[in-house]
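Hydrogens, waters and symmetry mates are skipped; everything else that's a heavy atom, side chains included, is used. Keep in mind the model is a prediction, meaning the values are calculated, not measured. Sequential numbering from 1 along the given sequence is applied to the chain's residues.
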Amino acid sequence: MGSNKLLKVEGLYKSYGGHQKGRERNYAIADVNLSAASGDFLTLLGPSGCGKSTTLRCIAGLESPNLGTITVADRVLFSSDTGVSVRANDRGLGMVFQSYGIWPHMDVYKNAAFPLQVGDRKSRPSAKQVRERVERALEVVQLSQFAGRSATALSGGQQQRLALARALVMEPPLLLLDEPLSNLDAKLRTDMRFELKRLQHEIGVTTVYVTHDQSEALSMSTVIAVMSNGKVEQVGTPREVYGAPAAEFVARFVGSANLVAGKVAAVSEGEVTVKTPDGLIVASSQAGLSIGADVFVSVRPESVALSPVVDGGAHEPGEWEGVVDGSAYLGMTMEYRVKVGDTEWNVSGSSESPLADGTTVRLNFARHGCAAVPMAMSN
Ligand SMILES: Nc1ncnc2c1ncn2[C@@H]1O[C@H](COP(=O)(O)OP(=O)(O)OP(=O)(O)O)[C@@H](O)[C@H]1O
Ligand SMILES: [Mg+2]
């Protein structure tokens, strides 16, 4: 029954609060399916309240699901079918939560050693093993030189790393991180992103990471599961969820894409031509769209090239024309607002020869940055 997946979550449902007779349950997560191969960095990405923490806490054993199966390294930790439910402490997983719960009365070393010194006396490692593991963990998070310092005398980022060291000393098969960078300032957060990724790579620990920050997800993950409303909308590599969103929600949430409504006018291998009120656009698409289908085309701001229309020019059918309606200088790039018909577009361009407000421009789309997704049934 072996599998190359280190983590498998199948058909997971969790509802908080009691079951009221005759009422449909309100599920915080419903039918969540996820998997991670050994060494993966799997990120659960989605807006506040979509069920990320609930999913993670179910894996950790801090919540009891109503239905489903959770398997780590071929060991069933939870199964509603067979009634298996391993206690959180016996799952042997590493966890770091948003509030990282450093023990203020202990120094750095003792904080890191703590998890190895609680729990079942028989299964505790020897003093020598504890020392070796703690020293290694502190080294990995680059806190060795602070081992004797009081935990309260650490900066936010250092406390964060200490929390991580504490999870790492367990040498867990799976590391669960719930928004572990959310309390840090922007600069430190970016630094920690790199640090965390390096660390995860170095020790090769399979990680499930929760965030609502898409750039965090895109920059750190090997796999992203985009969640909305208790459901997983898409699972894919950062490149896939960014460049080839499979659902309207994903297109809206990941990146700052422009979404244009239209109808599929032609279909060919892996591509569709979409007719919109403002012009034609060729987009990649997941298989299965047919002519006449209502779609959104998501267009990345960096996939639109703007060229000034000098002659006031002939406007061919299907061609896109707009007017620069505002701009912001961001160093390397310019962010433009471009008015096309009744729609405001976000376009980024080079800041070398910026376009002035009021310039009439032609829009050209890079095909790989345009993806057609079926219009969601609701809204
Ligand atoms: N202990 C609880 N009791 C009742 N409802 C809860 C509880 N914890 C979470 N919920 C509800 O379950 C849903 C999912 O919550 P969850 O904490 O998993 O969201 P999240 O994606 O982690 O959000 P955030 O980004 O804000 O942390 C929400 O509607 C939330 O209100
Ligand atoms: Mg949460």
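- One hydrophobic cluster, built from ILVMFWY side chains closer than 4.5 Å, holds both Leu306 and Val297.
- Rounding to the nearest 0.5 Å gives a distance of 4.0 Å between CE of Met220 and CG of Leu196.
- Within the 3.5 Å criterion, the main-chain N or O of Trp103 finds a donor-acceptor partner in the side chain of Asn111.
- Salt bridge absent: Arg131 and Glu135 never bring a charged side-chain N and a carboxylate O closer than 4.0 Å.
- Between Phe365 and Trp345, the two ring planes are tilted [angle within 30° to 60°].
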*Before giving the answer on side-chain hydrogen bond (donor to acceptor under 3.5 Å, both in side chains), spell out for Asp178 and Ser53 the whole-Å C-alpha distance, their side-chain angles and the decisive distance to 0.1 Å.*
CA-CA 7 Å; Asp178 193 346; Ser53 295; 2.7 Å; yes

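- Taking 4.5 Å as the limit, every side-chain heavy atom of Phe194 sits out of range of all side-chain heavy atoms of Ser219.
- Remark: of the listed residues Thr43, Leu56, Thr54, Thr55, Leu56 is the sole one forming a side-chain contact (heavy atoms from CB on, under 4.5 Å) with Val210.
- Between Arg149 and Asp107, none of the side-chain N atoms (NZ, or NE/NH1/NH2) sits under 4.0 Å from a carboxylate O, so this pair counts as no salt bridge.
- Counting heavy atoms of neighbouring residues, nucleotides and ligands inside a 6.0 Å radius, atom CD of Glu352 does not exceed 12 of them.
- Note on Leu7 and Val235: same hydrophobic cluster, where clusters join Ile, Leu, Val, Met, Phe, Trp and Tyr whose side-chain heavy atoms are under 4.5 Å apart, directly or indirectly.
- Heavy atoms only, all atoms of each residue included: Glu216 and Arg193 are closest at CG-NE, 3.6 Å.
- Residue Arg337 qualifies as enclosed at atom CZ: its count of foreign heavy atoms under 6.0 Å is above 12.
- Applying the 6.0 Å contact sphere to CG of Asp213 captures more than 12 heavy atoms from other residues, nucleotides or ligands.
- With respect to Lys128 and Glu132, a salt bridge is recorded, a charged nitrogen being found less than 4.0 Å from a carboxylate O.
- Closest non-hydrogen pair, Val169 versus Ala112, comes out as CG2-O, 3.3 Å.
- Heavy-atom contacts from other residues, nucleotides or ligands closer than 6.0 Å to CD of Glu139 number 12 or fewer.
- Ring-plane geometry between Phe41 and Tyr209 is classed as tilted, the angle between the planes lying from 30 to 60 degrees on a 0 to 90 degree scale.
- Applying side-chain contact (heavy atoms from CB on, under 4.5 Å) to Pro238 and the options Val254, Thr222, Leu218 leaves one that passes, Leu218.
- The backbone N or O of Asp74 sits nowhere less than 3.5 Å from a side-chain atom of Thr71 that would complete a donor-acceptor pair.
- The two residues Pro104 and Thr152 make their nearest non-hydrogen contact at CB-CG2, 3.4 Å.
- Here the shortest heavy-atom pairing between Leu162 and Leu143 reads N-CD1, 3.6 Å.
- Taken from CG in Leu45 to CZ in Phe253, the straight-line distance is 5.0 Å, to the nearest 0.5 Å.
- Between the Arg300 side chain and the His368 main chain, no donor and acceptor come within less than 3.5 Å of each other.
- A continuous path of ILVMFWY side-chain contacts below 4.5 Å connects Leu174 to Val86, so both sit in one hydrophobic cluster.
- Val32 is not connected to Leu67 by any chain of hydrophobic side-chain contacts under 4.5 Å among Ile, Leu, Val, Met, Phe, Trp and Tyr, and they are in different clusters.
- Distance alone, capped at 3.5 Å, is enough to place a donor-acceptor pair between the Thr206 side chain and the Gly39 backbone.
- With sequence neighbours excluded, no residue forms a salt bridge (charged side-chain N to carboxylate O under 4.0 Å, His left out) with Lys339.
- Under the 4.5 Å side-chain contact rule for hydrophobic residues, Leu355 and Val340 share a cluster.
- Judged by the 6.0 Å distance and 45° axis criteria, Arg252 is positioned over the aromatic ring of Phe296.
- When side chains are defined from C-beta on, Val250 does not count as touching Val373, because their heavy atoms never get closer than 4.5 Å.
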_side-chain contact (heavy atoms from CB on, under 4.5 Å) between Lys263 and Val295, worked out_ = CA-CA 6 Å; Lys263 264 187 195 311; Val295 293; over 6 Å; no

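- For Glu271 (side chain) and Ser268 (main-chain N/O), no donor-acceptor pair under 3.5 Å exists by modelled atom type.
- Although no hydrogens or angles enter the test, the distance criterion places a donor-acceptor pair under 3.5 Å between the side chain of Ser284 and the main chain of Cys370.
- When side chains are defined from C-beta on, Leu93 counts as touching Pro173, because their heavy atoms get closer than 4.5 Å.
- Contact between Tyr336 and Ser327 at its shortest, heavy atoms only, is CD2-CB, 3.5 Å.
- For the pair Asn33 (side chain) and Asp31 (backbone), a donor-acceptor distance under 3.5 Å is present.
- In this structure, Lys14 satisfies the cation-pi test against Tyr16, with its NZ or CZ atom closer than 6.0 Å to the six-membered ring centre and inside 45 degrees of the ring normal.
- Annotation: side chain of Leu138 is in contact with side chain of Val108 (closest heavy-atom distance under 4.5 Å).
- Under the 3.5 Å distance criterion, the side-chain polar atoms of Asp40 are matched with a main-chain donor or acceptor of Ala37.
- In this structure, OG1 in Thr211 is found 11.0 Å from CG in Leu177, a value given to the nearest 0.5 Å.
- Gln160 places a side-chain N or O within 3.5 Å of a backbone atom of Pro180 that can act as its donor or acceptor partner.
- Across all their heavy atoms, Ala372 and Ala283 have their closest contact at N-CB, 3.8 Å.
- Put simply, the side chain of His212 does not reach to within 4.5 Å of the side chain of Pro47, judged on heavy atoms.
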